[in-house]
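Both counts, for ligands and for their atoms, begin at 1 and track the order of listing. In this chain, numbering begins with 1 at the start of the sequence shown.
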Amino acid sequence: MADVLSGVASPADVRALPEDALPGLCEALREAIITTCGRVGGHLGASLGAVELVVALHRVFHTPQDALLFDVGHQAYAHKLLTGRRERMHTLRQAGGIAPFLDPRESHHDALAAGHACTAISAALGLLSGRRQLGHPGHVIAVVGDGALTGGLSFEGLNNAGGSPLPLVVVLNDNQMSISANVGAIPALLRTRNARAFFESLGFTYLGPVDGHDLGALTRALREAKASSRPVVVHALTKKGRGFPPAEADEQTRGHAMGPYEWRDGKLVRSRGGRPTFSEAFAQVLGEALERDPRVVAVTPAMLEGSALTGLKARFPDRVHDVGIAEQHAVTFCAGLAAAGAKPVCVIYSTFLQRAYDQVVHDVCLPGLPVVFAVDRAGLVGADGATHQGAYDVSFLRPLPGLTQWAPMVGEDLAPMLTAALQASGPSVLRFPRGTLPDLPPELAHAEPEVAGPSTGARWLKRVPGSRLTLVTLGPLGLSALEAARGEPDWSVLDARRAWPLDEAALLEAAAGGHVVVAEEGTVRGGLGSAVLELYAAAGIAPRVKLLGMPDVFLPHGDARVQRTELGLDAAGLRKTGRALLGEERR
Ligand SMILES: Cc1ncc(C[n+]2csc(CCOP(=O)(O)OP(=O)(O)O)c2C)c(N)n1
Ligand SMILES: CC(=O)[C@@H](O)[C@H](O)COP(=O)(O)O
Ligand SMILES: [Mg+2]
C-alpha cells in the first residue's frame with residue numbers, strides 16, 4: 001500500500017495515477033496519517049476525514065497554478081503527504097520540522113498560511129481578486145469545515161463572494177463536528193434541503209450534497225465547480241476520523257487531536273493521569289463557583305474539550321455555553337450577560353482572544369462590565385507553533401482602562417483569583433498556561449495561607465533585606481525564579497501576581513537593590529517588563545533592568561520546555577541573567 005504513496009512526489013503524480021489506483025492511494029494516506037500521529041501526535045480526525053477530498057481536489061485542480069486554501073490547515077495532512085513532504089512527515093510539529101498547519105514558506109502548494117479558523121473564504125476571495133487584477137489565471141478553492149460556518153468571518157467572506165462575479169470555489173467539508181459536536185442553527189440547516197436554498201440565496205451555485213468519501217462523486221462535483229463561471233459551493237459530507245475505528249468511536253472529538261502515545265498496537269491508549277492541567281484545575285474551581293452562585297455562567301467559543309469544560313457542560317447544560325467558533329460573539333454575548341446581572345466567565349485561548357479585541361475594548365471594558373476572561377494557553381504552546389502562541393494577551397490588554405490582569409503561579413492561586421474576579425465590579429483576566437500544574441516548592445509548602453491567600457498585591461516568594469537583585473515574575477515562572485535564587489543569598493523574588501494594575505510599592509521596593517530582572521511568558525514588547533520600566537521612569541529611578549520573555553519574532557512550533565530554556569526562562573537561564581546583570585556592573 002505504502003508503495004503507491006512512495007511513487008507520489010507531487011500532485012502531478014496523483015493526476016497520473018489510473019483511477020483504480022486511487023482507493024489504494026487513499027488507504028496509504030490514511031496509514032501514513034495514523035502512523036505519523038501515533039508517533040508524534042497531531043490533528044488526526046480531521047485529516048483522516050478529508051483524505052478522499054484532498055485526492056479529488058488534486059486530481060481536478062493543478063496547484064500551485066490553482067490555489068488551494070484549507071481553513072485552519074489541521075485537516076490537510078494528506079495534502080502535505082501528496083506535495084513532497086512525505087519523507088519529513090515524521091518531523092511534524094517538532095522544532096525545525098513540518099509545520100502543524102499550512103504555510104507557503106514550507107511548500108508552494110500551500111497558497112496561504114493559517115492556523116486560526118474561518119479565514120479561508122475571505123483569503124481565497126482576496127487571492128482570486130488579486131490574481132485576476134494582475135492578469136494571473138487559475139482557480140482558487142477554499143476548503144472550509146462546518147465548524148468554520150459558525151464564525152462571523154466566514155460569513156463576511158460568503159457575503160462578499162456571493163455578491164461578486166468571481167468564480168470562487170468553496171468546498172464545504174461537512175462532518176457535523178467542530179472539535180466537539182458542532183453547535184447552533186447553521187450546522188443543523190446544513191443537514192436539510194434548505195442547505196441548497198441557503199447557499200443559492202447567498203448568490204452561490206450549490207452542488208451537492210455529495211458523499212465526501214466517494215472519489216467518483218467528488219471528482220464529478222469538483223469538475224463541475226471548476227467549469228463554473230460563478231461562485232460555487234460544493235457540499236461534501238464526510239466523517240471525521242474516517243478509517244481509524246478508535247477515532248471514529250471517540251464520541252467527544254472523533255480523534256480531533258491526539259497525543260503521541262495514545263495509540264499503541266492498534267489500540268487507543270489515553271495517556272491521562274499525573275497532575276491535572278491548569279485548564280482542568282481552572283474548570284474545577286469554575287465548577288465550584290457555578291455551584292455556589294447561580295449567577296455564574298461559562299462561555300466557550302468551541303473549545304469545550306481543550307478548556308476541560310466537557311464535564312461542566314454535562315453538569316450545568318444551561319449555564320455552560322458553547323457558542324461555536326465565534327470569539328467575537330462570545331465576548332459580546334458575555335457583555336450582554338453581565339449587563340443582565342449574570343457573572344459570565346469567558347474561557348478562551350490567548351491566541352483566539354486576539355480575534356475579539358474590539359469586543360473586549362468596546363463591549364466589555366468601555367462600559368466597565370464585570371466579565372471574567374479565563375485566558376488559557378497563555379505563553380508557549382509548543383507543537384501548534386506561531387499561529388497559536390499565547391504571546392500577546394498581556395501586551396494588548398494592558399492599555400485597557402479598568403481591566404485587571406491576574407496570573408496564577410500555582411493551582412492554589414486559581415480559586416482566590418477567580419473569587420476576586422467574580423467579586424470585582426469591572427472586567428478581569430486570569431491568564432494561565434498550557435500544561436500541568438506545578439508542584440508547590442518546599443519554601444512555599446509550609447506557607448500555604450500566604451500562597452493561597454486573598455492578597456491582591458504582588459507576593460514576595462523570597463524577600464532578603466538589602467538584596468542586590470530582585471527577580472520579578474508573572475505566573476508559574478515564579479517557581480523557576482525561586483529555584484534560580486536558591487544559593488544566591490542577596491537575591492529576592494517577587495511574583496507580580498497581576499500584569500495590571502501593578503503593585504507599585506512592591507515593585508519600587510524590588511528596585512531598591514539596583515538590579516531587577518523581569519521574566520514573563522508573553523511578548524517582551526509591551527508586557528509586564530515594559531510596565532515595570534514605565535513605573536521606574538515615572539518614579540525617576542533607574543535601576544539596571546533586564547527583560548526576559550518572548551522575543552520580537554513569531555516563535556515557531558517546537559517543544560515548549562526546550563523553547564523556555566532557549567529563551568532563558570528556566571531556572572538556569574534566570575540565574576545566568578541575574579548574575580550577568582550583577583557582573584556587568586562589576587566590570
Ligand atoms: C479562531 C479559531 N478558534 C478556534 C480554533 C480551534 N479550532 C481548530 S479546528 C476547530 C474545529 C473546526 O471545525 P471544522 O471547521 O468543522 O473542521 P473539522 O475539524 O471538523 O474538519 C477549532 C474550534 C481555531 N483554530 N481558530
Ligand atoms: C487546530 C486548533 O486550533 C486546535 O485543535 C488546537 O490545536 C488545540 O490546541 P490544544 O491542543 O492546546 O487544545
Ligand atoms: Mg467539521
Side-chain angles (χ1 to χ4, degrees), residues 41-51 53-54 70-78 93 99-102 114-121 142-154 171-184 186-187 190-191 212 235-242 247 253-260 277-280 300-310 322-331 347-356 376-390 432-435 557 560:
H43 288 99
L44 176 74
S47 282
L48 286 176
V51 165
L53 196 50
V54 168
F70 290 88
D71 201 64
V72 183
H74 67 306
Q75 73 289 65
Y77 293 171
R93 290 155 54 91
F101 309 110
L102 297 181
H116 285 200
C118 312
T119 67
I121 299 172
V143 181
V144 303
D146 53 313
L149 287 195
T150 59
L153 178 55
S154 292
V171 176
L172 173 57
N173 171 21
D174 177 5
N175 54 22
Q176 290 193 301
M177 293 290 286
S178 187
I179 292 179
S180 306
N182 207 2
V183 296
I186 290 183
L190 292 179
R191 288 304 162 106
H235 186 181
L237 306 182
T238 60
K239 176 148 198 191
K240 208 163 174 172
R242 166 89 169 196
T253 74
R254 304 262 181 250
H256 175 82
M258 310 288 276
T277 61
F278 260 102
S279 313
E280 287 164 346
T300 170
M303 300 307 287
L304 270 180
E305 187 75 16
S307 297
L309 296 177
T310 312
D322 176 358
V323 298
I325 309 176
E327 289 78 10
Q328 296 173 297
H329 163 68
V331 172
V347 188
I348 186 163
Y349 285 19
S350 167
T351 187
F352 302 142
L353 184 58
Q354 289 164 196
R355 182 162 288 180
D376 197 341
R377 277 33 172 205
L380 294 162
V381 296
D384 275 344
T387 53
H388 283 57
Q389 302 287 14
F432 49 88
R434 190 178 201 279
H557 48 289

Is the backbone N or O of [Y] less than 3.5 Å from a side-chain atom of [X], with the two atoms forming a donor-acceptor pair by type?
X: S180; Y: L304; result: no
X: D146; Y: M177; result: yes
X: T238; Y: G212; result: no
X: D71; Y: T119; result: yes

> Under a 4.0 Å heavy-atom cut-off, what residues line ligand 2?
Replying inline: H43, V72, F101, I179, H256, Y349, F352, R377, D384, H388, R434
>> Minimum heavy-atom separation for A120 and A142, please, with both atom names.
In response: O-CB, 3.8 Å
> What heavy-atom pair brings A356 and V331 nearest, and what distance separates the two atoms?
Replying inline: CB-CG2, 3.6 Å
[X] vs [Y] side-chain heavy atoms within contact, under 4.5 Å:
X: S178; Y: T150; value: no
X: H256; Y: E305; value: no
X: H388; Y: P100; value: no
X: R93; Y: H43; value: yes
X: E327; Y: L153; value: no

> Protein residues near ligand 1, heavy-atom distance below 4.0 Å?
Replying inline: A46, H74, G115, H116, A117, G145, D146, G147, A148, N175, M177, S178, I179, K240, H256, A302, M303, I325, E327, F352, R355
>> Going by the rule side-chain contact (heavy atoms from CB on, under 4.5 Å), which residues pair with V72 if we only count those two or more places apart in sequence or in a different chain?
In response: H74, F101, A117
> Under 2.8 Å from the Mg ion (ligand 3), which protein atoms of type N, O or S occur, listed by chain and number?
Replying inline: D146 OD1, N175 OD1, M177 O
> Taking atom CZ of R377 and atom OG1 of T351, what is their separation to the nearest 0.5 Å?
Replying inline: 11.5 Å
